[in-house]
Structure formats: C-alpha cells, structure tokens
Amino acid sequence: MTDALLSQRPTAVRAAADDALPEVDPALAARCRELAARGIVLLRNDGALPLRPGAEVALFGRTQKDWIAVGYGSGGDVNPPYVTNLLDSLREGGAVAVDEELAARYESWTARHPADPGEEWGRWPRHFPEMPLEESAIRAAAERCGTAVVVIGRAAGEDRDNVLEEGGYHLTGEERSLLARVGAAFAHMVVLVDTGNVIDLSWIDEFEPAAVLLAWSGGMEGARAAADVLTGASEPGGRLTDTIARRYESHPSAGHFGHTEATEYVEDVFVGYRHFETFAPGDVLFPFGYGLGYTQVDLGEVTVTVSGEQASVQVTAVNTGQRSGSEVVQVYLGAPDGTLGGPARTLAAFTRTPQLAPGESVRLELAVDLAEHARYDDSGASGHRSAWVLEAGEHRLFVGPDVRRAVHVGSAHVPSLRVVRQLEEVAAVRPEHAFERSVLRRDDEGRALSGRETVPTARVDLPQRILDRLPETIPPAEDPTARFEDVTAGRLDLDRFVAALSPEELASLAYGDIVMDSPLGVPGNAGTLGGVTEALRARGIPVVTTTDGPSGLRLAATAALLPCGTALASSWDPAAVQELAALHGAEMVAKGSDMLLSPGMNIHRDPLCGRNFEYFSEDPLLTGEMAVAVVAGVQSQGVSACPKHFAANNQETARTVNDSRVSERALREIYLRAFETVVREARPRNLMTSYNRINGVWGHYHYDLVTTVLRGEWGYEGNVVTDWWMRMEPDPHFSALRDSAYRVRAQVDVLMPGSKVHFGTTRDDAIEDSLARDGGITLGEVQRTARNVLRMLLERETGAGRRG
Ligand code: BGC
C-alpha cells in the first residue's frame, strides 16, 4: 500500500458544535486533567514557579491560544467535545491575573491567522508562525507584569517525522527572537514547551529562562493541566522518559534514521540513556528519569537485601520541602561487563511515592530479579549462543530520582555465568545485510569506549523450521448447524466448532470487513472483524468493531481526547494510568467500540520519529509497565486492547518499505521486551504487526516474530492483526503461498481492513487458492488462525481473561 492510498482514508467527521455537549464522562475528563499534570516535566526552576497567587502574568506565543493537544494521524484524530487552551484555562482558574492587553492582541491575531493543520494526510505543519510583536509592546507588558510565560508549540505525527529544521526540531528565528526579547525585558521568564516529541532544548542554556516546563500533548484537558501546574494547583509530576541531549547529532541513532530503503540499528542495545550514561554522559542536557517538583523529596535510609538473584531495595522518601508533593524512586542495575558487555545502567524498578505532606515520609520497597535483566547472547561470546545469560560478577544497584543522580546502594553477586533460558535464533540480520554495531570496550584506564563489531547473522533454515512445526489439522466435520453460541455457552468445544466450518468460512475469519468505517460497526470506526460475512453471522459469530487509539476513540461521535502516550508515561504512575484506561474502556462500551488500537508501544529510538508522542519511552521496562496498565485498564471493562506495532516500527519515513536491520540481541533486549511484558502480564486479546520489515521480512509475514517468539516463547494465544492494509507479496520460501496465505502461515490472523484494494471491494483469494495447491497452506494452518480469532471472540463473550 502506498502513502498516497493511505491519504485517502476517511478522517472522522468533525462533530458539530451543538452535538458536542455532554458526551464525555466528567470522571474521565477529570482523570485526563490529573494525569496530564502528572506528566508535565519541570526542567528548571529558580523559584519563578509556581506563580504567586494574584501575580500579573504576560502570556507570549500563539500556542497559548492555539494549544497543541495531540499529534497528527490516526493516534490523535478524535472529535473531542472541547480542547482547552492555556489563556482561557488561566483565566478560568483565576489564580493569576493574565495581562489582558497582550492577550487581546493574541486573540485577535490568531483569529485572523488560524492554526489550520490542513486536510492533506502527512503534510501537516510542525509549527505555526508566531505573531509579530514589536519591542515596545514587550516592554509595555514588562512594565505591567513581573512574569512572562512564553509558550512554544510543536507537533509531528504519523507519516510525518520531525526534521532537523527551524520549526521542526529547532526553534524558528521568530521564536528565538521572542525568547531573547522577552527574557531581556522581564524579571522572570517562564518557558512552557507544548509538544508531543522531544525537540531541541539547548537554547535553555542560551536564554536562561527562570523556569522551563515540558508539557507533552496532554489532550483536551492538557492546557488546564498546564495552568494547574503553573499556578501550583498541581505539582509538575513528570519525569523524563527519554534522555534530552545537548545536540541531536549526539544521539547514537543520528545518521541512521529516516532512510527509505533500510535502517541499520548500529547503536544496538545502547539506545537512549543506555548509550549516554555508558559512553557520553557529557552530551546530556537532562538525563533520563529527570524532573523537578515544587517540593524537595529526599531519599535515604536505604537497605538492600540480597538473596541469590533476588534483590530488595528499601528506601525512605521524606518530603523536606514546604509543599506537598511526590517523587519517583528509580532503581538501576549496573551489570558486570562479563562476556557480552552492556550499558552502564538499566532501569530495573521504579515506584512513585504517594503525595507527601511537608515533613511526611514513606518507606518503599522495590524488588529486582536479576534474571529479568539478563543479556541475550546472539553471538556465542558467552559460550551460549541464543540464550539469555546472567553474567558472573558484581551486579550493582543504584537508587535515585533519575539515572544520573542514582547512587550505588548495594550489590548482588553472581558466582558464575548462568543460562537463564536457552532459546533459538530468530529474526537475525541476513548475512548479506551485515553491519557494524556498537559494543562496549574499555581503554587502559578502564573507561568505557564505544567499539564496533560485525553483527551476528542468521544461520537458521527458516523454511525447514516452518515445515517441521506445521500444526495438526483438525479432521473436518462440516456441520451447518454448529453455532458459536454453543461454544460460548460451553456446550461445544472450540475445536469441534472449527471442524464444523467450511474452508471458505475459515478463510473469511482471516479478513476484516473490506473498508474502514465499516457499515457493520459504529460510524467512523477503523474497521470490523469476526462475523464479517453473512455466513459467519449466521453461525452466531459476533462482529468486533475496532477504533484507534491511543489518544482517544477515533469515531464520528464525540469522545475524550486523552493525554498522549509520552504524557502518560511521564507520570511514571502505572496505577493511575490503569484507572484512566478503565474509564476509557467504559467510554468504549458506551460508544460501541470493542477493540482499541492501543497502546502504541514502539521504543523512542530517535527523537525525530513522528509517532513518538503515541509511544511511551526509550526504555523497555517503563514502556512495558505502561502498556500493561493500559491493557489491564481497558480489558477490565470487557472490551479489548491491541498493542502495536510489532515490531521495530521506529520511523515514519518510508514506513511501509523500510527494513529495520537490527541484531537479535537488540531486538530481544530493547524492541521486543515491552511486548513480552504486556503479553505475559496483561494478556491483551489482540496485537498489531508493523508496516516495516524486520531484517528483511515485513511485520505481517514474520513467522519468527509472531509464531516462534510471540506465540511459542511467550505463550500468546490471542488474535494478531496486520497494520492497516498490507503489501501483497509472494512467499519467498514456498511458491504455493502468497499474500494472505503467506501471512496466515506466520499466524498474522486478520488482514485489516480486509480488502486487497484499498477502497475497492475485493479481498484477496490467496488462502483459498493456496489451499487448493500442492505444497500450499494446510487446512490445519487456516484452522489455527480461525481458532486464534475465535478464541479472542470467546473471551469477549465470556469475559474470560479479564484483568482489572
Ligand atoms: C496506523 C495504525 C492505526 C491504523 C488504523 C495505521 O496507518 O499505523 O496505528 O491503528 O492505521 O487507523
């Protein structure tokens, strides 16, 4: 599918103003506001924040009015009942006196120069031009007000990576001039950056604002949340989920991002802080995990108890400041170099303290199981190729409020290298695509250096593996009277029901309805699956309606616009995210959505990735915990979630063709890790593959990722869907398979939506065709996929597997 085709997709119809009233649960809106505030990161504060009650404040920057509530594309295309803006939110709160003279100028100018993102898919503006403001107006405002708040806005999105240009990753000349002139005129300049993606912040050292807040696109309540934080009604609860580097160019992925044909993941496991803390601590402006509050919470009285590979860190957090507040306590592991080498620190556990009154303290316990942080040997250097291994030696534990300030508090000792789990090689780099990856080396003084080694390449005979593991065929016993209700009522075994289905019915279960906005679902849906043909419905097979995600329900109807993924993750508060997701699940039930295409859980490999706002972090542990919270919350309401995009979907440029070339070690330790967590801990009923290739194979054809790893190693039993449409391809190994037969062999169960032609009315006949051919797909494989889909439907009907 081409991006031109994608651009034809229907966008949800904008709700008319008067049908937009009471359609969002006030409890959901309140939770959005709370969580958006908990995700706002205070990067610097010389005491200018919170704003003093009644303070006269001059607001600069058009984003005060044209608030950017979410990024672009399917992940944010919601019809919210309203979107707050900062100017009105500050007025509404009444805690400070907004300078109305300046506000009037911005209001009239923005009304005449609307911030219109336009209709063209993937061409959305990343910023909107600033209102020209003469020096005298700035000076006059400074005479009226002691404090200025300058608001900078940025957005990126699906099919819209950020770029290293002014107005993209960098400030525009207008923005720089505003900061320089406002900074010179005012006693206190506060800068608030409203963005979904990390942008350049090196100007903080240049313009030296009194305070800087990073407000991730916070959804419809995001500006109210920002006003709450500015005025101190809420604490800035956010902690960075990504490292902020001084320069984009020092990111280890720089130069290896945004290529059209293929991207070599040369940094290997040294993604984000794993690189910076190991090799280049001086390149960091703000470290991973960092964020200030309005009070001071000190960590002390640390006790570390170690029993074999289990460590427990107990720590007391005391609020020594003047205001109520909380802190995020983070535990990092520093494993010995051992045979494989690795990052200096990896996040091993975290918890958010409760809200502490001044003087109040809390004792916390964080558990670390070393085996969960083992390394994957893809080269054989440890003597155990294709195994998770725990290196011998001292595993150091660090505790602190961010990765940099975490201090060594104790160690666990592993007497000799232990194989945690022997696996088999999957999805390794193809020999013809070998490249040099980053590895840990040391100089004579023991300092870490980023060395290079050739990535290990594939040795497995994949076609033989597939043939050796073909599933048994359930002896067909076609029975037109067998009904799905009998299965849900427990009167008929699922396998017997599958046996009763004709090959055509089985194949139909492997396709969604042929269009988005399917007439079988509520208006504006992303597509339907399950009982998409009359024959299937006659069997009692229900229709499942899917909707995007992640930042709200993308429907024709009005729905809540939630804080984006990065905002949620910046709260480091999975319990609160789960509560929000449960309210969101209830909204799904109310609005007719059965399956949410969320959470987005790709790793922030590079700050320019346009969809980073939908995703959580550069760290897989934090990503996994957040995804568990979303899935558990949504599925507690009986509806289901669909984590995406599996896997290594880390750029939007050429996303349907780009080949993510990545070592098996980095795949497993970084890019698959969070998916494993969500599968094991939250049992999502669905999972979506990615558009891109992973070491030469498109996500929707990837037998090793979907069958060997996801289902085989992790025990996933749910339904797997493609990302929307897929590239039709012959199976390179089996000449009797192509397109959907190739896909079903991998156990990518459902083509979404089900058409071969984007907006046409055909679905491919590849399954039926292949079934009829020698050496084609087997009936057992088609039954297996039908069973995966039906198992998901069964859980939907019976509520089995719900987690709350
Ligand atoms: C996106 C998915 C989304 C789907 C349906 C695709 O283009 O990559 O994340 O869920 O469209 O809108």
Side-chain angles (χ1 to χ4, degrees), residues 265 268-269 338-340 342 371-391 417-434 437 453-472 620 646-648 659-680 687 689-690 693-718 720 731-734 737 742-748 778 780-781 784 788:
Y265 286 36
D268 210 51
V269 296
T339 55
L340 302 174
E372 285 178 9
H373 305 278
R375 293 182 180 141
Y376 186 80
D377 183 0
D378 61 358
S379 68
S382 74
H384 304 276
R385 190 168 174 139
S386 309
W388 288 101
V389 297
L390 200 53
E391 302 269 14
L417 183 140
R418 183 171 85 76
V419 175
V420 174
R421 193 171 174 201
Q422 180 64 55
L423 295 170
E424 56 189 349
E425 179 198 301
V426 291
V429 174
R430 290 185 177 184
E432 65 274 26
H433 296 154
R437 67 171 170 184
E453 76 174 18
T454 306
V455 76
T457 55
R459 307 196 300 189
V460 163
D461 180 352
L462 181 63
Q464 195 54 49
R465 175 179 282 174
I466 293 173
L467 291 177
D468 288 347
R469 298 176 188 181
L470 286 177
E472 302 272 314
F646 190 65
D659 186 13
S660 298
R661 294 189 183 151
V662 49
S663 78
E664 188 188 353
R665 176 176 175 189
L667 253 183
R668 287 185 178 272
E669 289 187 23
I670 308 287
Y671 299 101
L672 301 184
R673 189 61 214 260
F675 285 102
E676 177 171 7
T677 304
V678 80
V679 164
R680 289 192 194 278
L687 198 106
T689 54
S690 58
R693 289 176 285 170
I694 305 97
N695 290 327
V697 184
W698 271 279
H700 45 257
Y701 295 129
H702 219 302
Y703 179 92
D704 259 350
L705 288 188
V706 179
T707 293
T708 312
V709 174
L710 172 70
R711 298 188 187 276
E713 292 179 13
W714 306 344
Y716 179 73
E717 293 192 323
V720 176
D731 186 324
H733 303 298
F734 304 103
L737 278 77
Y742 179 19
R743 164 177 68 80
V744 165
R745 172 154 282 183
Q747 290 192 75
V748 176
T778 67
E781 289 174 286
R784 180 173 66 177
N788 293 335

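Quantities reported herein were computed from a predicted structural model and do not represent experimental measurements.
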Compare all side-chain heavy atoms of [X] with those of [Y] and state whether any distance is below 4.5 angstrom.
{"X": "Thr457", "Y": "Arg430", "result": "no"}
{"X": "His384", "Y": "Arg418", "result": "no"}
{"X": "Leu423", "Y": "Arg668", "result": "yes"}

May I ask you to decide if [Y]'s main-chain N or O and [X]'s side chain share a donor-acceptor pair within less than 3.5 Å?
{"X": "Arg711", "Y": "Gly718", "value": "yes"}
{"X": "Gln422", "Y": "Ser386", "value": "yes"}
{"X": "Asp377", "Y": "Ala387", "value": "no"}
{"X": "Asn695", "Y": "Val662", "value": "yes"}
{"X": "Glu781", "Y": "Val744", "value": "no"}
{"X": "His702", "Y": "Ile694", "value": "yes"}

Heavy atoms from other residues, nucleotides or ligands near CD of Glu472 exceed 12 (cutoff 6.0 Å):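 12 or below, so no.
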Ignoring hydrogens, what is the shortest heavy-atom contact between [X] and [Y]? Give both atom names and the distance.
{"X": "Ala434", "Y": "Val455", "answer": "CA-CG1, 4.1 Å"}
{"X": "Glu391", "Y": "Thr339", "answer": "OE1-N, 2.8 Å"}
{"X": "Thr778", "Y": "Leu470", "answer": "CG2-CD1, 4.1 Å"}
{"X": "Arg385", "Y": "Glu425", "answer": "NH2-OE1, 4.0 Å"}
{"X": "Gly699", "Y": "Val748", "answer": "O-CG2, 4.1 Å"}
{"X": "Val720", "Y": "Gln747", "answer": "CB-O, 3.6 Å"}

side-chain contact (heavy atoms from CB on, under 4.5 Å) assessment of Thr707 paired with Ile466: CA-CA 9 Å; Thr707 293; Ile466 293 173; over 6 Å; no
Look up atom [atom1] in [X] and atom [atom2] in [Y], then write down how far apart they are to the nearest 0.5 Å.
{"X": "Trp714", "Y": "Leu687", "atom1": "CH2", "atom2": "CG", "answer": "8.0 Å"}
{"X": "Tyr671", "Y": "Glu664", "atom1": "OH", "atom2": "CD", "answer": "15.0 Å"}
{"X": "Ile670", "Y": "Ser663", "atom1": "CD1", "atom2": "OG", "answer": "9.0 Å"}
{"X": "Leu672", "Y": "Thr677", "atom1": "CG", "atom2": "OG1", "answer": "10.5 Å"}

Ring-face cation contact, Phe734 with Arg745, 6.0 Å cut, 45° max: yes
Under a 4.0 Å threshold between the charged nitrogen and the carboxylate oxygen, would [Y] count as salt-bridged to [X]?
{"X": "Glu713", "Y": "Arg421", "result": "no"}
{"X": "Asp378", "Y": "Arg437", "result": "yes"}
{"X": "Arg469", "Y": "Glu424", "result": "yes"}

Verdict with reasoning, Arg743 to Thr689, per side-chain contact (heavy atoms from CB on, under 4.5 Å): CA-CA 11 Å; Arg743 164 177 68 80; Thr689 54; over 6 Å; no
Whether Phe675 and Phe646 hold their rings parallel, tilted or perpendicular, with breakpoints at 30° and 60°: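 Correct class here is perpendicular.
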Parallel, tilted or perpendicular, as decided by the 30° and 60° cut-offs, for the rings of Trp698 and Tyr701: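 Tyr701 and Trp698: perpendicular rings.
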Tyr742 vs His733, side-chain contact (heavy atoms from CB on, under 4.5 Å): CA-CA, chis, key distance, verdict: CA-CA 10 Å; Tyr742 179 19; His733 303 298; 5.8 Å; no
Donor on one side chain, acceptor on other, Ser660 and Tyr265, under 3.5 Å: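 Yes.
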